[in-house]
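In this chain, numbering begins with 1 at the start of the sequence shown. Atoms within each ligand, like the ligands themselves, are counted from 1 in listed order. As the structure is a prediction and not an experimental result, all values here were calculated from the model.
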Amino acid sequence: MCGIIGYCGPRPASEVLLSGLKRLEYRGYDSSGISIGTGGSLKVFKKEGKISALRNIVPADADGAWGIGHTRWATHGGVNDTNAHPHTDCSGKIAICHNGIIENYLGLKDRLTGEGHEFRTETDSEVIAHLVESFYSGDLEAAVKSTVSLLKGTYGILVMHTDHPDQIIGARNGSPMVLGLGDGEMFIASDVSAMIAHTRQVIYFEDGEVVRLDSKGYEVTDMRNRPVDKKVDNISWELEEMEKGAYPHYMLKEIHEQTESVHRAMSGRFDDDQATAVLGGLNMSERELLGVRRVVIIAAGTSYYAGQVVSYLLESLARIPSSTELASELRYRNPIVEEGTLYFAISQSGETLDTLMAIRELQRKGARVLGICNVVGSTIARESDGGVYIHSGPEIAVASTKAFTSQLTALYLFILKMARMRNMAWPEGQDFIDGLRSIPDLIGRILDGEERIRELAQKYHRVENFLFLGRGLNYPVALEGALKLKEVAYIHAEGYSAAEIKHGPIALINEHTPSLFIVPDDHLREKVLSNMKEIKARKGPVIALCSEGDTDAADIADDVLYVPRCPEEFSPFLMVVPLQLFAYHCALLLGRDVDQPRNLAKSVTVE
Ligand code: G6P
């Protein structure tokens, strides 16, 4: 979703901004722009489409010493050059970039129009430029503070003014913002990837904070002008982790990285002697964990499906009632928070607004919410009451892949810990640890068989409708497989419980609508085999994703994909990988933009 970058320093600002925006591309966007201060005036360049299109219209001599840039993911107003940010005020001296949504912009716009301001765009964001103009009387920071005090909604804002060369004001409420400290230069952006090529030292902002920066330094204050002391963090990952390397797409790279990322998510987190997990970040004593009577997981998208797998297993192995809820729904349901309920928020990016707002609602009611995040220092990671980092490394492709298996890993460790405190004995704990440890190698074996998955994609990529069916632990995996195919190949796919198709979706079955069944070697296998036969009886093509050696499934199905055998509780790790690869290869064959699918954003910072 929208990305922001600002720069003050000795380098040509346009180059720093354009390369920073390039690094923000992965968030998903439809237009972009930069504004640079030079010779007492502002130059603004905006373009619909990719950053390369913007680069083409920025002249080589357009360099200033400071500037701001933006990638826009349209919410208010169509996708075109005009609606792209930065937006300027009437005088053309002020430029702003905004990430988020200003909910009360219509009222503000009416008022400003009445005062004579002329609006040029259809966006909600333009009111910010005119408000700053109306409040400005020599102190840009004061004008920005007066502006944001009127705004309702979410924002990460950067503002520059020709009368204040080398100065940017940044403010945040609900949208991420991070400052990068350089040597004689400063960066500010919506995420560290925009500045990682230049600095590792960063400062994360909280809501209600305002920063004034120039090439020499920065000052952070709150809305009542009180200075705020900020901690400087160090980014631990390397620039290379953000590169595609030898892979044609980030999505493929990230699917292949799962042998490593799953390993990283569990590494150092086992206590072999006690056959349990060590999760110090939970910030909870054994006694407190023993007092947990219920676990509720909140999340969105792929993270939501990971949560559903975990809820199922928490109940069956640790015997703790658990459910997974869409954060966007829970928030507005006036959720009942009870003593003894522990909440987990799962979020790869740590910035998904639906999830963040649900966390705040739960915390306001006194709940303890733990975070399962990938991005270190992200808002959800900072605002939750403890948690586990999954350490997947940067996930750049919009469609989430490696985060899913790492989220499972982190929460399987939690299941182990909770189960060992209750009814799981030492030998079973050891078996569980052995099972988890074997996952990276088993994923590696699936990746070795990628060619077979590509062949299957070759056969099926032209179909218009697809069903993904599973049961038990693999019901959410079926949903995730369907989501992947929709996201990257734009093929309509429905994920369903294999048991439920007879209650409706079976009406869709004909010889052009294939059904992919997930058939692990578990206690529901026989039932799923029967469901497969029901589809075959109606001439529907059937693909079986099953365990090696499952000849029963192979006999029923038209096509088979095998994964290595494993204890049934670990099957989601293995079943999801062929589905990720299948979606990838279908998308590739259809010529889709695999890493940045249309209309989607990596980090969804609006409701
Ligand atoms: C977006 C992404 C999805 C992701 C979802 C939740 O929709 O495109 O891939 O699963 O947000 O993101 P999170 O960062 O909270 O896991």
Legend entry - Closest protein heavy atom (residue, atom, distance) for atom 9 (O) of ligand 1: V398 O, 3.2 Å
Inset, instruction - Indicate whether any N or O donor in one side chain lies under 3.5 Å from an N or O acceptor in the other, for S31 and N83. - result: no
Legend entry - Sub-4.0 Å heavy-atom approach of T355 to ligand 1: no
Inset, instruction - Look at the side chain of T71 and the backbone N and O of G3, then say whether any donor-acceptor pair between them is shorter than 3.5 Å. - result: yes
Legend entry - Protein heavy atom at shortest distance from atom 8 (O) of ligand 1: A601 O, 2.8 Å
Legend entry - L600 heavy atom under 4.0 Å from ligand 1: no
Inset, instruction - Look only at the side chain of D81 and the backbone of E48, and say whether a donor-acceptor pair between them is shorter than 3.5 Å. - result: yes
Legend entry - Pair K602 + E395, salt bridge at N-O below 4.0 Å: yes
Legend entry - E351 contact mode with ligand 1 (heavy-atom cut-off under 4.0 Å): neither
Inset, instruction - For C373 and A381, work out which heavy atoms get closest and say how close. - result: SG-N, 3.8 Å
Inset, instruction - Give the residue and atom name of whichever protein heavy atom lies nearest to atom 7 (O) of ligand 1, and the separation in Å to one decimal. - result: V604 CG2, 3.8 Å
Inset, instruction - For atom 12 (O) of ligand 1, find the nearest protein heavy atom and state the residue, atom name and distance (0.1 Å precision). - result: T352 OG1, 3.3 Å
Legend entry - Backbone of H98 reached by a side-chain donor or acceptor of H70 within 3.5 Å: yes
